[in-house]
J.: 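Next up is a structure, given as structure tokens.
These numbers come from a predicted model, not from an experiment.
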Amino acid sequence: MDGNYLPANPFAEWLGRSVLKLMGWRIEGQMPALDKFVVIGAHHTSNWDFVIFIAVKFVLRLNARWFGKHSIFIWPFTGLLKAWGGIPILRHLRLNMVEQAIQNFRDHREFILVLSPEGTRKKVERWRMGFYHIACGAGVPIIPGALDYRNRRVVIGAPFQPTGDAEADIKALLAFFRPYEPKKPEYAFHGD
């Protein structure tokens, strides 16, 4: 069994499909047949983004990991969030999350890490670069995943291999996301 994909779970797949159908959403594109990659989901402007992400994770049976603020990992949801791939992050501690993530890529033959470059649902003036440093440090591609609220779809893009020229690479990634409208467009960073 491919370690990036979970065994068939008819209930989880049904739940994911049902949530997307209820919300009127669909998935366009597909995940690549690669062992290791970073997925960036943007633009992250609403709590609904997480609901859509979990539904997509269930439908595609992704064995993906994701970072979340430690404050969301509260009883009685802690076990469930961790089972869904969540890794609690204590932001006030000066632990190097980039190095920890790179080490996870080294330690596993197959590994998917999903991150939001905004790092928050609030308005941002720039993307946080952790996802980029992780991808470069681990030597893995970045898969862009856009949330398009106008057309109610999640769009999965082609693998993007970072070149090390951060400015040019971020510009190229932002160009992928620009056509897709987030829930709160005024919060999204477009790099303009």
J.: Hey, could you give me each pair passing salt bridge (Lys or Arg N to Asp or Glu O under 4.0 Å) that has a residue in residues 149-168? Not counting sequence neighbours.
T.: Glu28-Arg153, Asp148-Arg153, Arg150-Glu181
J.: Report the relative orientation of the aromatic rings in Phe53 and Phe50; use parallel for angles under 30°, tilted for 30 to 60°, perpendicular for over 60°.
T.: tilted
J.: Could you check Ile156 against Leu60 for side-chain contact (heavy atoms from CB on, under 4.5 Å), going step by step and ending with a plain yes or no?
T.: CA-CA 12 Å; Ile156 302 167; Leu60 299 180; 4.0 Å; yes
J.: Between atom CD1 of Ile134 and atom CD1 of Ile40, what is the distance when rounded to the nearest 0.5 Å?
T.: 11.5 Å
J.: Check the pair Trp25, Val56 against side-chain contact (heavy atoms from CB on, under 4.5 Å), reporting the backbone distance first and the verdict last.
T.: CA-CA 10 Å; Trp25 281 69; Val56 168; over 6 Å; no
J.: Tell me every residue that passes side chain to side chain contact (heavy atoms under 4.5 Å, CB included) with Ala135, counting only those two or more places apart in sequence or in another chain.
T.: Val38, Val140, Ile142, Pro162
J.: Show the nearest heavy-atom pair for residues Leu113 and Phe105, with the distance to one decimal.
T.: CB-CZ, 4.0 Å
J.: Could you tell me which non-hydrogen atom of Arg26 sits nearest to which non-hydrogen atom of Asn151, and how far apart they are?
T.: NH1-O, 3.0 Å
J.: Quick one: do Tyr149 and Trp48 satisfy side-chain contact (heavy atoms from CB on, under 4.5 Å)? Show the steps, please.
T.: CA-CA 10 Å; Tyr149 275 82; Trp48 286 107; 3.5 Å; yes
J.: What I'd like to find out is whether the side chain of Tyr180 reaches to under 4.5 Å of the side chain of Val154, using heavy atoms alone.
T.: no
J.: Search all heavy atoms of Leu34 against all heavy atoms of Phe37 and return the closest pair with its distance.
T.: O-CE2, 3.5 Å
J.: Begin with the C-alpha distance, continue with both residues' side-chain angles, and end with the deciding distance and a verdict on side-chain contact (heavy atoms from CB on, under 4.5 Å) for Val98 and Met129.
T.: CA-CA 10 Å; Val98 170; Met129 295 295 291; over 6 Å; no
J.: Check for a donor-acceptor pair, side chain of Gln103 on one end and backbone N or O of Glu99 on the other, with a separation under 3.5 Å.
T.: no
J.: Compare every heavy atom of Ala12 with every heavy atom of Phe58, then report the nearest pair and how far apart it is.
T.: CB-O, 3.2 Å
J.: Can you check whether Leu62 reaches Val114 side chain to side chain, under 4.5 Å on heavy atoms?
T.: no
J.: Can you name the closest pair of heavy atoms from Ile102 and Ala138 and give their distance?
T.: CG1-N, 4.1 Å
J.: Any donor and acceptor pair, going by atom type alone, linking the side chain of Tyr132 with main-chain N or O of Gly164 inside 3.5 Å?
T.: yes
J.: Testing the basics here: between Phe177 and Pro144, what is the closest heavy-atom pair and its distance to 0.1 Å?
T.: CZ-CB, 3.6 Å
J.: Measure the shortest side-chain to side-chain distance between Arg109 and Asp35 over non-hydrogen atoms and say whether it is less than 4.5 angstrom.
T.: yes
J.: Ile112 versus Asn63: any side-chain heavy-atom pair under 4.5 Å?
T.: no
J.: Side-chain polar contacts of residues 16-24 - donor-acceptor pairs under 3.5 angstrom, sequence neighbours left out - could you list them?
T.:
{"unit_1": "Ser18", "atom_1": "OG", "unit_2": "Trp14", "atom_2": "O", "d": "2.8"}
{"unit_1": "Ser18", "atom_1": "OG", "unit_2": "Trp14", "atom_2": "NE1", "d": "3.3"}

